[in-house]
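Shown next, in structure tokens, is the structure this report addresses.
Any value given below was found using the heavy atoms of this structure, including those in side chains, with hydrogens, waters and symmetry copies removed. Counting convention: from 1, in listed order, for ligands and their atoms alike.
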Amino acid sequence: MSKPIHFPPDFIWGSATSAYQIEGSPLADGAGPSIWQRFCAVPGNVRDGDNGDIACDHYNRYKEDVALMARLGLKAYRFSVSWSRILPQGRGAVNQAGLDFYGKLIDELLANGIEPMVTLYHWDLPAALDDRGGWLNPDIADWFTDYARILFQAFDGRVKSWATLNEPWVVTDGGYMHGTLAPGHRNLHEAALASHNLMRAHGSAVKAYREIGRHQIGIVVNIEPKYPASQSQEDLDATRRADAYMNRQYLDPIFLGTYPAELKQMFGDAWPDWPAADFDLIGQQLDFVGINYYTRSVVRNEPSNWPLKVAPVRQPQATYTETGWEVFPQGLTDTLTTFTQRYGSMPVYIMENGSAFYDPPNAENGRVHDPLRVDCLRKNMQALSNALAQGVDVRGYMVWSLLDNLEWSLGFAKRFGIVHVNFETQQRTLKDSAYLYADIVASNGACL
Ligand SMILES: N=[N+]=NCCCCNC(=O)[C@@H]1[C@H]2[C@H](O)[C@@H](O)[C@H](O)[C@@H](CO)[C@@H]12
């Protein structure tokens, strides 16, 4: 029996994207290359040889896309800034044309009554900084803070919501542990170092914001709740290891001043005893936490899978998305209640939630029917409402994504958008899920 659906009257409904996935024109108007420009250029790294050279051409079509957001009635739009548009070398000389692009986007949003929510870093590190070690170089905390200050000084006020990082776990696990994402490293020691430097950079930018900013700043983490495959001690321990590595690794140092003990146990000598001063920096007070929720994982012990020694267990009765993720809306409720239980009550935004299911490359008769995505959206709305009913302080929800876009190493084949993009013509078409989302926004969920 589903519970009544209710959202607070000031609940903020929006959508989310990221720079490299939608903008295109990565080197336009003085911008420098990012590590994703390089990563895509290496054959085999990205499915079908796809890249961000054009993507959704948002760099040129941003007014059309803001009009789409207004058509959907969105109250907010979460996007990221490309660091190498602002600082082509990652540090040093500012590229005014880069600032100008984001200033025009922000003004277009505000003119349409849409709150800009800016993510400073969504995976597209300037290539020039990677040449200096990137996230492996401790100096990156200062480089990132200098970049953040430029944006705070340019846009704070018009932008009232800032997030430092998007998903440090994915940056570390994909970019440095498994090499599936840029910059494509596979090294346990590097993964630990990159992860810690990401958190140092986060804390340093938050500290800088407190000196010059007047609004809200937080971080965005992906949380994938872990459930034991059995109640055996080995599976329960495996579940704790998986949760420590993917979830608690990023929130514990911010809110509890320490990393989960399981990390040292798993990483061994690849996990140093980090300086105590680092935790003072990392633990800066936040105004909100952004959570990206997509799926859960059922976990069993698997000694051969070094270093975590865990393995996922596929659920035979479940629906799985095109990215191989189980549709499990209860996990959204559990993620939110567990967050509050572990870290206390504070403002939370769902900064990403969505699903990739097969959509045709072209719309038919101006429509794109996406029943599986519609069903997912409905179920996630119920789950979100259930978390609110249990007292979780959720302030808003950003659907991932506004547009079909470059799904990183999966290319354009995996479509998350509620708006379909024909990548041959750049034609945008509202999917059925977009019409539903517009109704949800207009009725504040009462239509469900
Ligand atoms: N195994 N497994 N479990 C799920 C782990 C999810 C980690 N990936 C994300 O959350 C990425 C986030 C990213 O911000 C966005 O840029 C991506 O386009 C979406 C869709 O992929 C999501």
- Sidechain-backbone polar pair: Thr338 side chain, Thr335 backbone, donor-acceptor under 3.5 Å: no
- Is the shortest side-chain N to carboxylate O distance from Arg415 to Glu322 below 4.0 Å? no
- Taking the six-membered ring for Trp, are the ring centroids of Trp123 and Phe39 within less than 6.0 Å of each other? no
- Taking NZ, NE, NH1 and NH2 as the nitrogens, is one of them in Lys104 or Asp100 under 4.0 Å from a carboxylate oxygen of the other? no
- Taking the non-hydrogen atoms of His122, is any one of them nearer than 4.0 angstrom to ligand 1? yes
- Quick one: does Val118's side chain get under 4.5 Å of Tyr102's, heavy atoms only? no
- Item | Parallel, tilted or perpendicular, as decided by the 30° and 60° cut-offs, for the rings of Phe416 and Trp325 | tilted
- Item | Distance-only N or O hit between ligand 1 and Asn405, under 3.5 Å | no
- Which is it for Thr295 and ligand 1 at heavy atoms under 4.0 Å: side chain, backbone, both or neither? side chain
- Are the aromatic rings of Tyr397 and Phe11 close, with centres under 6.0 Å apart? no
- Going by distance only, is there an N or O of Ser18 that falls short of 3.5 Å from an N or O of ligand 1? no
- Where ligand 1 meets Glu224 - atom numbers and elements under 4.0 angstrom, heavy-atom basis: 1 (N), 2 (N), 3 (N), 4 (C), 5 (C)
- Query: Of all the non-hydrogen atoms in the protein, which one sits nearest to atom 14 (O) of ligand 1, and at what distance?
  - Reply: Glu352 OE2, 2.7 Å
- Message: Between Asp131 and Arg38 (salt bridge meaning N to carboxylate O under 4.0 Å), is one present in this structure?
- Response: yes
- Query: Of the protein's non-hydrogen atoms, which lies at the shortest distance from atom 11 (C) of ligand 1, and what is that distance?
  - Reply: Glu167 OE1, 3.5 Å
- Message: Using a 3.5 Å cut-off on N or O atoms only, is Trp169 in polar contact with ligand 1?
- Response: no
- Message: With a 4.0 Å cut-off on N to O distance, would you call Arg342 and Asp252 a salt bridge?
- Response: yes
- Query: Where on Met246 is there a heavy atom closer than 4.0 Å to ligand 1, on the side chain, on the backbone, on both, or on neither?
  - Reply: side chain
- Message: List ligand 1 atoms under 4.0 Å from Val170, heavy atoms only on the residue side.
- Response: 7 (C), 8 (N)
- Query: Where is the nearest protein heavy atom to atom 1 (N) of ligand 1: which residue, which atom, and how far?
  - Reply: Trp325 NE1, 3.7 Å
- Based purely on interatomic distance, does Tyr294 place a nitrogen or oxygen under 3.5 Å from a nitrogen or oxygen of ligand 1? no
- Message: What I want to know is whether Asn166 and ligand 1 share at least one N or O pair that is separated by under 3.5 angstrom.
- Response: yes
- Note on the structure: for atom 21 (O) of ligand 1, nearest protein heavy atom and its distance come out as Glu407 OE2, 2.6 Å
- Task: Show which atoms of ligand 1 fall inside a sub-4.0 Å distance from at least one heavy-atom site of Gln21.
- Result: 15 (C), 16 (O), 18 (O)
- Item | Plane angle bin for Trp83 and Tyr147 - parallel if under 30°, tilted between 30 and 60°, otherwise perpendicular | parallel
